[in-house]
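Only a predicted model underlies this, so the values are computations on that prediction, with no experimental measurement involved.
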Amino acid sequence: MLLAPALAATLATGPVTGSDGTEPAGVFTIAGVPFWVVYLAAFCIVLVRAQATYWAGRGVARGTARNGRVSDLLSRPGALAAIERIHRWGPPAVTLSFFTVGVQTLVNLAAGYLRMPFGRYLVALLAGCVVWATIWTTVGTAAVNAAIAVGVRHPVTLVAIGLGAVALVTWVAYRLTRRSRAGTGA
């Protein structure tokens with residue numbers, strides 16, 4: 001079932017009603033699915049994705065442990081001290097990474113690669129999943145609903161906003177790449 005066409009049709013015909021036909025379902029629904037279902041689905045999705053990333057990092061660490069150069073590098077006193085700090089202070093970084101887009105994948109991968117103790121990681125992960133699911137089921141759902149409403153009523157405006165966003169991201173990436181190359185002398 002495609003949710004966007006159902007939501008677009010609903011926006012074109014009128015407000016979404018609850019299962020009894022009398023209550024409005026609210027802005028934080030997707031095609032009339034209740035908020036708690038959307039929230040629970042988002043929570044489970046991010047939990048599985050972040051866990052998979054963490055365990056992929058653990059697998060890479062196990063594979064590179066056999067590489068003499070990598071194991072020598074990670075057994076140096078400076079590296080051991082850094083790994084210890086990550087084990088101690090990494091859990092807040094895991095939780096805070098869920099406020100970002102893109103960084104959370106790297107943080108979860110690094111937590112796995114550096115073998116952050118699973119108990120500490122799991123507590124931080126669960127808190128981060130609560131944060132992520134809350135953000136995406138409130139602000140994210142409202143943004144998707146707004147984009148669909150604009151797309152139904154003013155498709156040219158939605159295309160213009162999308163092209164503007166792509167142009168902005170391209171410009172920022174270009175500037176960062178240019179600055180990075182200037183700093184390295186490349």
In terms of ring plane angle, is the pair Tyr39 and Phe43 parallel, tilted or perpendicular, where the classes change at 30° and 60°? parallel
Between Ala133 and Thr137 the two heavy atoms that sit nearest each other are O-OG1, 2.5 Å
Distance, nearest 0.5 Å, that separates CZ of Phe98 from CD1 of Ile135: 10.5 Å
Tell me if a side-chain donor or acceptor on Thr53 pairs with a main-chain N or O of Arg49 at a distance below 3.5 Å. yes
Closest non-hydrogen atom pair between Ala111 and Val94, with its separation: CB-CG2, 4.3 Å
Is the backbone of Ser97 close enough, under 3.5 Å, to the side chain of Thr100 for a donor and an acceptor to pair up by distance? yes
Atom pair CG/CD1 of Leu40 and Ile45 - distance to nearest 0.5 Å: 10.0 Å
Can you find a pair of side-chain heavy atoms, one from Asn108 and one from Leu125, that are under 4.5 Å apart? yes
Gap separating the CG atom of Leu126 from the CG atom of Leu47, nearest 0.5 angstrom: 6.5 Å
Quick check: is Val46 connected to Phe99 through a chain of hydrophobic side chains (ILVMFWY, heavy atoms under 4.5 Å apart)? yes
Looking at every heavy atom in both Leu158 and Ala147, which two are closest together, and how far apart are they? CD2-O, 3.6 Å
Identify the heavy atoms of Gly112 and Ala61 that sit nearest to each other, and give their distance. O-CB, 4.5 Å
Under 4.5 Å between side-chain heavy atoms, hopping through other hydrophobics if needed: is there a path connecting Val60 to Met116? yes
Shared hydrophobic cluster for Val38 and Trp36 (ILVMFWY, side-chain gaps under 4.5 Å): yes
Check side chain to side chain contact (heavy atoms under 4.5 Å, CB included) between Phe118 and all other residues, then give those that pass, not counting sequence neighbours. Gln51, Tyr54, Trp55, Tyr121, Leu122
What's the spacing between Leu176 CG and Arg178 CZ if we round to 0.5 Å? 12.0 Å
To the nearest 0.5 Å, how far apart are CD in Gln104 and CG in Leu109? 12.5 Å
